[in-house]
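Since the model is a prediction, treat every value here as computed from it, not as a measurement.
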Amino acid sequence: MKYDFKSIEQKWQKIWDEKDLYAAKNDYSLPKFYPLVEFPYPSGQGLHVGHPRSYTALDIVARKKRLMGYNVLYAMGWDAFGLPTENYAIKNHIHPEIVTKNNVANFKKQLKSLGLSFDWSREINTTDPDYYKWTQWIFIQLFKKGLAYKKEMSVNWCTSCKVVLANEEVVNNACERCGSEVVRKVKSQWMLKITEYAERLINDLDEVDYVERVKVSQKNWIGRSSGAEVTFKTTAGDDLLIYTTRPDTLFGATYMVISPEHPMVDKWKDLIGNFSEVEKYREEALRKSDFERTELVKEKTGVRLDGVMGINPVNGKEIPIFISDYVLMTYGTGAIMAVPAHDDRDWDFAKKFSLPIITVVAGGNAEEAAYTDCAEGEMVNSEFLNGLSVAEAKEKIIAYLTEEGIGKEKVNYKLRDWVFSRQRYWGEPIPMVNCPDCGWVPVDEKDLPLTLPDVESYQPTDNGESPLSTIESFVNTTCPKCGKAATRETDTMPQWAGSSWYYLRYCDPNNDSALASKEALNYWGPVDWYNGGMEHTTLHLLYSRFWHKFLYDIGVVPTKEPYAKRTSHGMILGENGEKMSKSRGNVVNPDDIIEEFGADTLRIYEMFIGDFEKAAPWSVSSVKGCKRFLERIWSLLDILTEGEEYTSDLESLMHKTIKKVSYDIENLKFNTAIASLMSLLNAVSDKGSINKAEFKTFMLLLNPFAPHITEELLQLAGFGVLAEECKWPEYSEEKCKESTLVIPVQINGKLRSKLSVSADKSEEDIINMALSDEKVAEFIAGKTVLKKIYVKGRLLNIVVK
RNA sequence: GCGGGUAUGGCGGAAUUGGCAGACGCGUUAGAUUCAGGUUCUAAUGGUCGCAAGGCUGUGCAGGUUCGACCCCUGUUACCCGCACCA
């Protein structure tokens with residue numbers, strides 16, 4: 001009989017669907033397991049072969065856990081708001097809702113053809129008003145707690161998308177999505193105060209099981225540094241507040257630098273002798289993009305403010321003040337003290353402007369370079385700090401500054417607040433009303449969802465306002481508080497909003513009185529295992545952790561962290577080793593692979609392709625190899641014999657394979673799990689027969705990877721049950737052991753012989769056997785045996801001279 | 001520049017975490033089956049010397065620790081990813 005994958009896969013997908021086999025049970029007494037994969041943006045291009053890598057991996061975990069008796073919630077949905085859909089709608093004059101609907105239908109068909117065991121009854125869509133009702137509800141809660149606020153600010157404006165971008169979405173001063181130039185523009189924006197959670201977002205990483213590189217990138221993104229804020233007096237009378245991570249070096253501060261945007265520059269206009277020069281520099285700096293600023297990294301620029309001097313608070317010395325674009329208004333206080341002896345940037349700057357360099361930590365050579373890595377050094381030239389270590393000096397100076405009232409310990413973060421407004425149509429309307437008397441008032445919660453109005457044109461306006469601003473019936477409303485005429489906010493939310501809490505909705509997707517019931521959240525939360533791409537490890541992960549923590553604070557969710565475990569898969573590259581893209585012409589369409597080789601082959605291949613966490617290039621011939629493996633599995637039917645127990649020559653291998661596959665699935669080592677199943681197949685082929693007990697175990701081990709063919713084979717072999725009704729095979733540690741061992745014998749670390757011994761032989765026996773072994777004897781003849789090292793069951797090394 | 005990572009056959013990758021390097025798969029070669037192509041089967045396959053038994057050598061490079069190093073330490077090179085003067 002031929003392996004007809006097409007009809008087999010269709011048959012079983014239909015059966016699974018009809019039996020609703022993978023629906024998570026609402027029986028909260030069962031042990032639960034909640035795996036999660038990032039829900040896709042349903043783009044017009046359809047599924048990419050990268051998607052199934054993640055989905056199949058956790059599908060394997062989900063299927064295994066079900067066989068182990070867990071109640072598993074594995075669900076899928078659509079992160080469907082977003083620019084590409086809107087742009088497509090504008091271009092083709094089709095409502096984004098229709099575009100979304102079509103794309104979703106296509107994605108769903110594709111996902112189903114992969115045989116993924118999603119609970120489709122829990123499907124969600126961020127553009128569904130029943131869903132975004134709760135996205136809006138969360139926003140209102142944030143507003144009520146003072147975590148959403150409006151701010152007039154200079155924002156990144158994409159000249160092509162005509163939209164404000166978050167800092168995080170700007171890459172090299174170009175728009176992350178379209179690559180166009182980004183310029184600065186002042187707008188009033190809704191902001192979310194994620195910075196208030198910075199400390200907890202770092203600290204609570206200790207409580208979760210994330211792969212290390214993900215933790216590191218979260219920490220770097222938040223960027224905590226601890227130091228001190230110090231007040232410097234000036235000859236102008238005004239104070240300058242600076243931030244430093246090295247307050248211990250205060251005696252080495254020989255000048256100050258403030259950001260060109262610093263408000264004092266204007267305030268001192270009349271005092272500054274060279275103001276026209278200063279103004280010119282400032283204009284240049286403002287015009288420069290961040291990218292240009294970075295390109296100038298080698299050469300420091302700046303202008304001294306003539307007529308104003310800073311005063312070092314610890315020794316009263318007057319020091320010059322400069323403006324320079326290497327100091328950013330957006331970080332710290334926008335002003336620094338410069339210690340050229342112990343900071344590279346300050347050193348470069350001091351050299352260029354011939355400023356004094358005072359060493360305050362002994363050990364370096366201030367003439368050649370800044371001595372920055374000086375934690376071990378001893379303080380010098382620092383009056384009451386002399387002789388102390390850097391750490392002691394830090395402590396003492398902070399105590400001194402605090403006592404004198406001129407400074408205090410201070411922690412800073414690179415993390416900035418989240419720009420939450422988008423001037424686009426295809427997003428969740430921000431549910432706020434601007435009342436001339438009451439100010440910003442949230443829409444009454446009972447009036448949620450505030451739905452997107454139906455419009456003709458989604459074109460963004462040239463002045464940068466949202467398309468919603470042109471719809472009077474939407475804009476004009478009454479104040480929910482006082483009832484007077486008022487206007488609505490017309491900006492919409494960013495795509496990150498809907499994806500920040502979707503995993504909560506899966507727990508209870510149809511609830512219309514809460515985002516999910518308490519019982520459901522208590523039972524399912526937190527997500528046990530979340531897998532996704534490395535590209536989402538800073539933004540999406542950080543935003544959703546922030547929202548989750550907020551929801552925890554207001555008593556909505558029971559856990560501090562949303563995801564107990566987070567892993568990341570590597571990218572699938574084109575056959576040429578480059579990133580898959582249309583322009584490179586190396587895109588592989590999963591539909592074609594399924595059509596030609598079948599879903600099981602695609603699943604096996606994507607899991608076998610290499611280290612799950614690393615990028616791997618596509619290879620058509622390897623796909624064929626995986627198909628060949630399944631063909632050989634299929635022909636096991638021809639050599640199937642009766643038998644209720646494992647046969648003695650396969651018993652140990654069966655147990656070892658169960659152990660290996662079980663371990664590997666839990667540890668992201670799908671490639672070696674498959675390799676061990678291939679080895680088992682080779683052993684069975686060599687033997688020429690497989691009995692029913694062995695066959696059943698084999699099929700169950702393979703089932704999570706290749707569910708269709710294994711269901712079919714189990715049925716054909718007369719088991720007559722769904723894999724789902726079976727138990728995951730168990731192994732015994734005792735039976736993994738072989739009765740005879742092969743002990744390699746080394747002489748001076750070089751392999752010289754191998755001994756085949758029964759497993760119960762003692763160390764002494766083995767050494768004696770080795771010494772009388774022909775080859776060993778040859779190599780030790782005429783030499784003195786110095787040492788015999790025996791590693792139990794592993795190896796024997798004889799050291800001779 | 002900073003942070004993280006990687007380097008193993010012709011290719012993708014294994015190596016129980018200091019104990020037989022190259023599992024498993026692809027590719028290649030030879031043979032069998034086939035009218036032929038494909039499929040399937042059998043065998044070989046890091047390099048090198050050798051008719052062979054076997055020897056030597058081999059995990060980016062240079063050292064070191066160890067009975068023993070792909071694995072640990074020091075230095076170095078190349079590449080990939082992230083961040084961009086964060087005081």
Under the 3.5 angstrom rule, does the side chain of [X] hit a backbone N or O of [Y] as a donor-acceptor pair?
X: A:Asp248; Y: A:Val390; value: no
X: A:Glu606; Y: A:Arg53; value: yes
X: A:Asn412; Y: A:Ser225; value: no
X: A:Asn797; Y: A:Ile789; value: no
X: A:Arg603; Y: A:Pro704; value: yes

Compare the minimum distances between each of [options] and the side chain of [X], then state the nucleotide with the smallest one.
X: A:Trp221; options: B:C83, B:G19, B:A87; result: B:C83
X: A:Phe779; options: B:G4, B:C85, B:G55; result: B:G55
X: A:Asp325; options: B:C85, B:C24, B:G27; result: B:C85
X: A:Val216; options: B:G3, B:C85, B:C24; result: B:G3
X: A:Lys414; options: B:C20, B:C86, B:G19; result: B:C86
X: A:Thr245; options: B:G25, B:A87, B:G19; result: B:A87
X: A:Leu328; options: B:A87, B:C67, B:G19; result: B:A87

Review point. Near RNA chain B, which residues from residues 625-636 of chain A have a heavy atom under 4.0 Å away?
Key: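 Per residue number, the list reads A:Gly625, A:Arg628, A:Arg632.
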Exercise for review: May I ask you to say what A:Ser621 touches in the nucleic acid, namely base, sugar-phosphate or nothing, with a heavy-atom cut-off under 4.0 Å?
Suggested key: sugar-phosphate
Check your understanding: Which part of the nucleic acid, if any, lies within reach of A:Ser217 when heavy atoms closer than 4.0 Å are counted: base, sugar-phosphate only, or nothing?
Key ->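 Nothing, no nucleic acid heavy atom in range.
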Point to revise | Contact check, side chains of A:Ile60 and A:Met607, non-hydrogen atoms, under 4.5 Å | key: yes
Check your understanding: Taking C-beta and beyond as the side chain, do A:Phe232 and A:Leu250 meet within less than 4.5 Å on heavy atoms?
Key -> yes
Watson-Crick/G-U partner (both atom distances under 3.5 Å) of [N]:
N: B:A23; result: none
N: B:A14; result: none
N: B:G9; result: none

[X] [atom1] - [N] [atom2] separation (whole Å):
X: A:Ile747; N: B:G54; atom1: CD1; atom2: P; result: 15 Å
X: A:Lys394; N: B:A87; atom1: NZ; atom2: C1'; result: 12 Å
X: A:Asn682; N: B:U42; atom1: CG; atom2: P; result: 9 Å
X: A:Tyr3; N: B:U40; atom1: OH; atom2: P; result: 14 Å
X: A:Leu751; N: B:U57; atom1: CG; atom2: C1'; result: 15 Å
X: A:Arg752; N: B:G54; atom1: CZ; atom2: P; result: 12 Å
X: A:Ile789; N: B:C67; atom1: CD1; atom2: P; result: 7 Å
X: A:Tyr326; N: B:C85; atom1: OH; atom2: P; result: 13 Å

Say we look at [N] and [M]: how far apart would their [atom1] atoms be, to the nearest angstrom?
N: B:U6; M: B:U16; atom1: P; value: 15 Å
N: B:C2; M: B:C56; atom1: C1'; value: 46 Å
N: B:G18; M: B:C72; atom1: P; value: 8 Å

Distance test, side-chain N/O of [X] to OP1/OP2 of [N], below 4.0 Å:
X: A:Lys750; N: B:U57; result: yes
X: A:Asn797; N: B:C20; result: no
X: A:Tyr243; N: B:C86; result: no
X: A:Lys754; N: B:C20; result: no

**Study point:** Step-by-step salt bridge (Lys or Arg N to Asp or Glu O under 4.0 Å) determination, A:Glu763 to A:Lys788
**Key:** CA-CA 10 Å; A:Glu763 173 170 351; A:Lys788 286 164 272 192; over 6 Å; no
Check your understanding: When the ring planes of A:His569 and A:Phe612 are compared, do they come out parallel, tilted or perpendicular, using 30° and 60° as the limits?
Key ->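 Tilted.
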Review point. A:Lys787 or A:Met329: which one's nearest nucleotide on RNA chain B is closer to the 5' end?
Key: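 In this pair, the answer is A:Lys787.
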Review point. Of A:Asn220 and A:Gln746, whose closest RNA chain B nucleotide lies nearer the 5' terminus?
Key: A:Asn220
Exercise for review: Could you encode protein contacts along nucleotides 12-17 of chain B as a string, one character per nucleotide from 5' to 3', using B for base contact, S for sugar-phosphate-only contact and - for no contact, with a heavy-atom cut-off of under 4.0 Å?
Suggested key: BSSSB-
Check your understanding: Are a donor atom and an acceptor atom from the side chains of A:Tyr731 and A:Ser662 found within less than 3.5 Å of each other?
Key ->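 The criterion, which ignores hydrogens and geometry beyond distance, is not satisfied for A:Ser662 and A:Tyr731.
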Practice item. Tell me, please, whether A:Tyr326 has A:Arg345 positioned over its six-membered ring: NZ or CZ under 6.0 Å from the ring centre and within 45 degrees of its axis? Key: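 Negative - A:Arg345 is either too far from the ring of A:Tyr326 or too far off its axis.
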Exercise for review: Indicate syn or anti for B:U34, taking the glycosidic torsion and treating anything within 90° of 0 as syn.
Suggested key: anti
**Study point:** Assigned glycosidic conformation for B:G82 [threshold 90° from 0]
**Key:**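 B:G82: anti.
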Review point. Side chain to side chain contact (heavy atoms under 4.5 Å, CB included) between A:Asn220 and A:Lys414: does it pass, once the steps are laid out?
Key: CA-CA 9 Å; A:Asn220 287 346; A:Lys414 290 187 215 171; 5.8 Å; no
